[in-house]
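The block underneath contains the structure these notes are about, expressed in C-alpha cells.
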Amino acid sequence: MENSKDEKLFDKDELVRHQTKECRVIAEYERTICIEYIDYPFPEEEEEYPHPRVIVRKDEVERLSS
C-alpha cells in the first residue's frame, strides 16, 4: 500500500510566499494547495491578483517557516 497520496507537505495556516506575496495555506490537495494572500487587496495590482484565494501547484510556493 502506498500512503504518499495521503501525506501532507504543508500545514493548514502555514505561511508561504507566492510570486513575492506572503500567503497562508488554506487547504492541500494531491498536487496543489489553496492559498490566501495575507495583505490582499494589493493597490494597483488588481489585474494580476483579482482574487484573495487561489489554487497553485505546490512547487510554485516558497516556505517561509522551517
Fill in: Other cluster members, I26 - Ile/Leu/Val/Met/Phe/Trp/Tyr, side-chain contacts below 4.5 Å
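Cluster partners of I26: none, it stands alone.
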
Practice prompt. Check whether more than 12 heavy atoms from other residues, nucleotides or ligands sit under 6.0 Å from atom CG of D13, and answer yes or no.
Written response: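 Result for CG/D13: enclosed.
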
Worksheet item: With a cut-off of 6.0 Å (strictly less than), are more than 12 heavy atoms of other residues, nucleotides or ligands near CD of E44?
Response: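 No - once you tally the heavy atoms of other residues, nucleotides and ligands closer than 6.0 Å, there are 12 at most.
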
Discussion item. Nearest 0.5 angstrom please: E28 CD to D11 CG, how far?
Written reply: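 CG of D11 is found 8.5 Å from CD of E28.
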
Fill in: CD1-NZ distance between I33 and K12, expressed to the nearest 0.5 angstrom
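That separation rounds to 14.0 Å.
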
Which residues pass the side chain to side chain donor-acceptor pair (under 3.5 Å) test with [X], sequence neighbours left out?
X: E45; value: K21
X: D59; value: R57
X: R53; value: E36

Practice prompt. Test the R24-Y37 pair against the cation-pi criterion, namely NZ or CZ under 6.0 angstrom from the six-membered ring centroid and within 45° of the ring axis.
Written response: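 No, R24 does not lie over the aromatic ring of Y37.
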
Worksheet item: Would a hydrophobic clustering, with Ile, Leu, Val, Met, Phe, Trp and Tyr connected at side-chain separations under 4.5 Å, put I38 with V61?
Response: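 Not linked; separate clusters.
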
Worksheet item: Is there a path of hydrophobic side-chain contacts, each under 4.5 Å between heavy atoms of I, L, V, M, F, W or Y residues, that connects I35 with L15?
Response: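 No.
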
Worksheet item: Mind checking what makes salt bridge (Lys or Arg N to Asp or Glu O under 4.0 Å) contact with R17, not counting sequence neighbours?
Response: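 Scan of R17 (salt bridge (Lys or Arg N to Asp or Glu O under 4.0 Å), adjacent residues dropped) gives E62.
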
Worksheet item: For the side chain of K58 and the backbone of L9, is there at least one donor-acceptor N/O pair under 3.5 Å apart?
Response: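 Side chain of K58 to backbone of L9, a donor-acceptor pair under 3.5 Å: no, none is there.
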
Worksheet item: Which pair of non-hydrogen atoms, one from E46 and one from P43, has the smallest distance, and what is that distance?
Response: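 Smallest interatomic distance, heavy atoms only, reads OE2-CA, 3.9 Å.
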
Worksheet item: So which heavy atom on I55 is nearest to which on C34, and how close?
Response: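 So the minimum-distance heavy-atom pair works out to CD1-CB, 3.5 Å.
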
Worksheet entry | Intermediate values then yes/no, side chain to side chain contact (heavy atoms under 4.5 Å, CB included), T32 and V56 | CA-CA 5 Å; T32 59; V56 297; over 6 Å; no

Discussion item. List the residues meeting side-chain contact (heavy atoms from CB on, under 4.5 Å) with Q19, not counting sequence neighbours, and say none if there are none.
Written reply: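 side-chain contact (heavy atoms from CB on, under 4.5 Å) check on Q19 returns Y49.
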
